[in-house]
Student: 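Take a look at this one; I'll ask things after.
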Amino acid sequence: VIARDSERCGYCTARATTVDHILPRSRGGRNTWRNTVAACGPCNQRKGDRTPAEAGMVFRVKPAAPSWASLAQR
Ligand SMILES: [Zn+2]
C-alpha cells in the first residue's frame, strides 16, 4: 500500500511509514486496497480510531486497487 501511494502520506503528503485503515479494523474495517492508505506516523496517530471524516481529515489521494483505472468505477 505504501508503494502504491508512492510513499506519500494520504493526508499530508509527507513520507509515509505506516498503513492507515480508513475504517479502523477495530470497527470492522477490512484489510483491502480500498480501505487502506499510506500515512505518516503523526497522521495515523492523529486519526487513531476514527474515520477521516470524524477526524476532520481530508484525503489527498483516493484509495484504489493498484490499477488506477479502477477509480473510474467510483
Ligand atoms: Zn501525514
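In listed order, ligands and their atoms are each counted from 1.
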Student: CZ/R60 to CZ/R8 distance, rounded to the nearest 0.5 angstrom?
Tutor: 11.5 Å
Student: So which heavy atom on M57 is nearest to which on Y11, and how close?
Tutor: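 Reported closest heavy-atom pair: CE-CG, 3.8 Å.
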Student: Considering non-hydrogen atoms only, spot the tightest contact between D20 and A39 and give its length.
Tutor: CB-CB, 3.8 Å
Student: Report the residue from V19, V37, T13 that forms a side-chain contact (heavy atoms from CB on, under 4.5 Å) with D5.
Tutor: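 So, applying the side-chain contact (heavy atoms from CB on, under 4.5 Å) to D5 and each of V19, V37, T13, only V37 qualifies.
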Student: Check the Zn ion (ligand 1) and write out every protein N, O or S atom at under 2.8 Å, as residue and atom.
Tutor: C9 SG, C12 SG, C40 SG, C43 SG
Student: Under the side-chain contact (heavy atoms from CB on, under 4.5 Å) rule, collect the residues that match up with N35, sequence neighbours excluded.
Tutor: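 Scan of N35 (side-chain contact (heavy atoms from CB on, under 4.5 Å), adjacent residues dropped) gives H21, I22, L23, T32.
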Student: Looking at every non-hydrogen atom in both residues, tell me the closest pair between A16 and C9 and how far apart they are.
Tutor: CB-N, 3.7 Å
